[in-house]
Structures are given as C-alpha cells and as structure tokens.
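Chain letters run A, B, ... following the sequence lines, proteins first and then strands; every chain starts at 1. The figures that follow rest on heavy atoms only: side chains count, while hydrogens, waters and symmetry mates do not. Small disclaimer: the values here were computed from a predicted structure and weren't measured.
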Amino acid sequence: MEEQYQEFEAKTVDEAIVAAMKTFRAKFENLEIQVISEGSKGLFGLVGAKAAKILARPASRLEAPVSQTPGEFVPAPEPDEEPSPATPEDPALVEEAKGIITEILGRMNIPCQLRVHEDSTIEIVGDGSGLIIGKRGQTLDSLQFIVNRILNKDRQEPRYITLDTEGYRQRHMSHLKSLAIKMSQKARRTGQSVSLERMNPYDRRIIHLALKNDSRVNTMSIGDGIYKKVVIVPRKASK
Amino acid sequence: MKALVEVIVKALVDKPDEVKVTEVTGTNVNVLELRVDKDDVGKVIGKKGQTVSAIRTILNATSAKLKKHVVLEILE
C-alpha cells in the first residue's frame, strides 16, 4: 500500500524535511520529497517572509522498511554511504590516535575528553563552543588530517581515523544532503546547471551519492586540486 | 603556541631533533619561525601545502581566544 503525500511547512526546506523525517520516522533516503516552495526570509526577515512547503511520503515500502522503533529519530545514513574511509577495528591504532589528539589539544589549551564510538570514530567531548569545529568544519578537518598524517608516517598501508565533535559530522552530512536535493530542484526548475561551492572530496561524495539515483539530474566535479566544485546538470526531459 | 607547533611538526618529520621554532612577538601579530631539516621541508608543507595549511588552521583556532594573529613561516 502506498502512502499518500503529506504536506509539511516550515521556515526552510531543511526544517520541513526534518519534520517529514520525524513524522514518518524514516531516514532521509527513504523519503520521496517534492519541494513546492522554497520559502524566503523576506526583506530583513521582516516583510514578505514565506514558509517553505514540501510534499513527502515514504518511498516504496519494499526496499525501505521503516525499522526504527517509534519515537526514535535517527537520520543515520546507510553504512555503505559513510564518506569516511572505513576503519576496521584496531584498538592499537585508536589508542595511538587518542594519544596524539590528547597531546595536540593539550597544547591548544582545550580541555577535553575523548570517546571512541563503535565505528572507531573518535569524538572530542569539548565545551560545546564550536572552537574545535571551526568555520565550516575547517579546524576539525585540519586536526583530523594532521592526526592521520602522523599516524601513517611510518605505516606501509595507510589507516585512517575519523574525528568528530558535538555530532558535527552527522549534522553536516544531513545538511549536505538537503542542499543537494534543494539545488537539484533549482537545476530542474530553471533548466540550468547549478554549481555548488568548493568542497573536499568527502563532502562532494555525499552530494554525488545523494543524487545518484535521481534520473532527472547529473552531477560532476569541476576544477583542480583537492577542493572542487560539484555541478548539478538537469537532464533533458526524457521519461 | 610554540609548543603546539613543535609537537605537531616533530611528529611529522624524520629528524625531530632538527626542528627549531622561534617566536617573534609583535603588538598585533606573533610570528612563528619554523626551521626543519632540509629533507623534511616537503613533509611539513605537504601536497599543495595541505599540511602547512592544516597546521595554520589549528594555530588560528588556538589564537582566536588570544585576539592576536599568529603567522607560521617556514624558513630554509
């Protein structure tokens, strides 16, 4: 039995999608979403503010069972879509990494605790100030990069760890996914390519994967170096 | 700040004993001058400067509290 589309309204499309995910207790990937209006803040957020409206329903039940227990809202991605390199359980590697992180953060005068998650992600439990995250996650990414460089200095086969703090990685991923959806809507509506700002490879991968199964748009990376732009190209109408 | 750079760079290079950091304090800007062994310069800079920019980002995060700019320079 197919569920009917339900309408959601919120200040932004992102918030409306979150509301839809909560209502259906479904993951983002398991929802069919149509954006009716993107909403706008209006002039200085005062005049002419419009609400964002979307239609959403769970995707076909066969391939997307909603297995979560009621009331539990987990926008977790499919395991195979994890953008970070999968690290097999390796307690020694994690311990080594913890030592390096503790030493660096100590010198940064940031008091913190480290917590290791099941997927070997090391979470820095800080004061919640966002100092470790930095602008657009720059500081967290830099820290992760340096730690991985130090870890792999004398290793034949590189092994990588993922750093997280205050749930940033998860939050950032859902943000990127909704951005991908929003921009693909824009590309289709205007019939013109939409290019996103420069991103690192992991972020680009999230965008590509989010739109992989959307036959109405193509995605490609453009540019040189580590940071490239993702361009979303609408496909010619072919049904 | 100096100690932070030392810890990171010494862990990255092959000759940690050759790592020397001097801090030049100014009114608005502190300059950290980094010297490493000739063979280690590339390791500190990294592919397209990726490593040194990561170090600078971490330095900037640390110095944000101090309201002072910190500049890292690699001397040869």
Give a yes or no answer on whether the side chain of K48(B) reaches the backbone of I226(A) with a donor-acceptor pair at less than 3.5 Å.
->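 Looks like no, no N/O pair under 3.5 Å.
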
Please round to the nearest 0.5 Å and tell me the distance separating atom [atom1] of [X] and atom [atom2] of [Y].
| X | Y | atom1 | atom2 | result |
| --- | --- | --- | --- | --- |
| M1(B) | M108(A) | CE | CE | 9.0 Å |
| I146(A) | I58(B) | CD1 | CD1 | 5.0 Å |
| D14(B) | D154(A) | CG | CG | 7.0 Å |
| R149(A) | T51(B) | CZ | OG1 | 4.0 Å |
| I8(B) | L143(A) | CD1 | CG | 7.5 Å |
| D141(A) | T57(B) | CG | OG1 | 9.5 Å |

Residues of residues 181-193 of chain A with any heavy atom under 4.5 Å of a heavy atom in chain B |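 Contacts with chain B: none.
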
Contacting region of [X] [heavy-atom separation from chain A under 4.5 Å]:
| X | result |
| --- | --- |
| L59(B) | neither |
| E6(B) | neither |
| V5(B) | neither |

Can you name the nearest heavy-atom pair linking A61(B) to L131(A), along with the distance?
->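 Of all heavy-atom pairs spanning A61(B) and L131(A), the closest is O-CD1, 3.5 Å.
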
Residue pair K153(A) / L12(B): nearest heavy atoms and the distance that separates them = CD-O, 3.0 Å

Top contributor to chain B interface from I132(A), T139(A), I110(A), L140(A) [non-hydrogen pairs under 4.5 Å] =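 Highest number of heavy-atom pairs under 4.5 Å: T139(A).
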
Do other residues, nucleotides or ligands put more than 12 heavy atoms under 6.0 Å from K15(B) NZ?
-> no

Side-chain contact test, heavy atoms from C-beta onward, threshold under 4.5 Å: evaluate it for N60(B) versus Q138(A) and give yes or no.
-> no

